[in-house]
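Contents: one structure, followed by commentary.
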Amino acid sequence: MHTAYSELLISQLTGNLSEDVSNFLSRNGCEQTALHSLKVGGAAKRIAITFGADPIEAEYAGYLHDISAVFPNEIRISIARQLGIEILQEEEIFPMIIHQKISQSMARDLFNIKNDAILNAIGCHTTLRKNSTLLDKVLFVADKIEWDQHGIPPYIKEITEALEKSIEIASYSYINYLWQKRETLRVIHPWLRDAYYELTNEEIDKVGGGIIENHSKDV
Ligand SMILES: [Fe+2]
Ligand SMILES: [Fe+2]
């Protein structure tokens, strides 16, 4: 096992992923994250069923997405470096964001996940990315609905209503919420910027298409 993981308490896997992840997080002092991860696994499965993604992949990605919570912010850049993860300048400035990439490596190394769709969804669950897959968006939205902070998410009404329409609109709803307050964010991750522009263009394409269609009817 990689030396970056040498300080962690790691049990034998049972084959029951929700139990294994919950046990791992709890043993390493992250009980709240364990609860959050179980909820995100359940939400991701439900959303996957609604939008035709693989429910098992979504559930597994949900359970595993925050396993790097066991590493506090102060050591995340060092852990990422040890694991050979590419570190962007924005991540160096604000190490919280690199937890998505560390979780991706840990899911592969500690939980034997070999499915790239699951690994990639975990690896972009905070920022999304350009050309995101359906599974990426399912996990992204599930994580925002079952957020890991106290109280009700301030964007819950918009994202829930958007989810009635499509997973793309729901993803856009949350990214747009972040974008509107981008001046207050510590950094804007380039993947988030890419996802924002991509989803914005998709929305404009739809609206623009509608306008052209209506106009041609008038003529
Ligand atoms: Fe996360
Ligand atoms: Fe999360």
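For ligands, and for the atoms within them, numbers begin at 1 and follow the listed sequence.
With a cut-off of 2.8 Å, the Fe ion (ligand 2) has no N, O or S atom of His125 in range. Coordination check, Asp143 versus the Fe ion (ligand 2): passed, since an N/O/S atom of the residue sits under 2.8 Å.
No side-chain heavy atom of Tyr197 sits less than 4.5 Å from a side-chain heavy atom of Lys130.
Using bins of under 30°, 30° to 60° and over 60° for the plane-to-plane angle, the ring pair Tyr196/Tyr172 lands in the parallel bin.
In summary, Glu91 and Lys101 engage in a salt bridge, as defined by a charged side-chain N under 4.0 Å from a carboxylate O. Under a 4.0 Å N-O distance rule, the pair Arg81/Glu92 qualifies as a salt bridge.
For the Fe ion (ligand 2), the nearest N, O or S atom contributed by Asp66 is named OD2. Sorting the N, O or S atoms of His99 by how far they are from the Fe ion (ligand 1) puts NE2 first.
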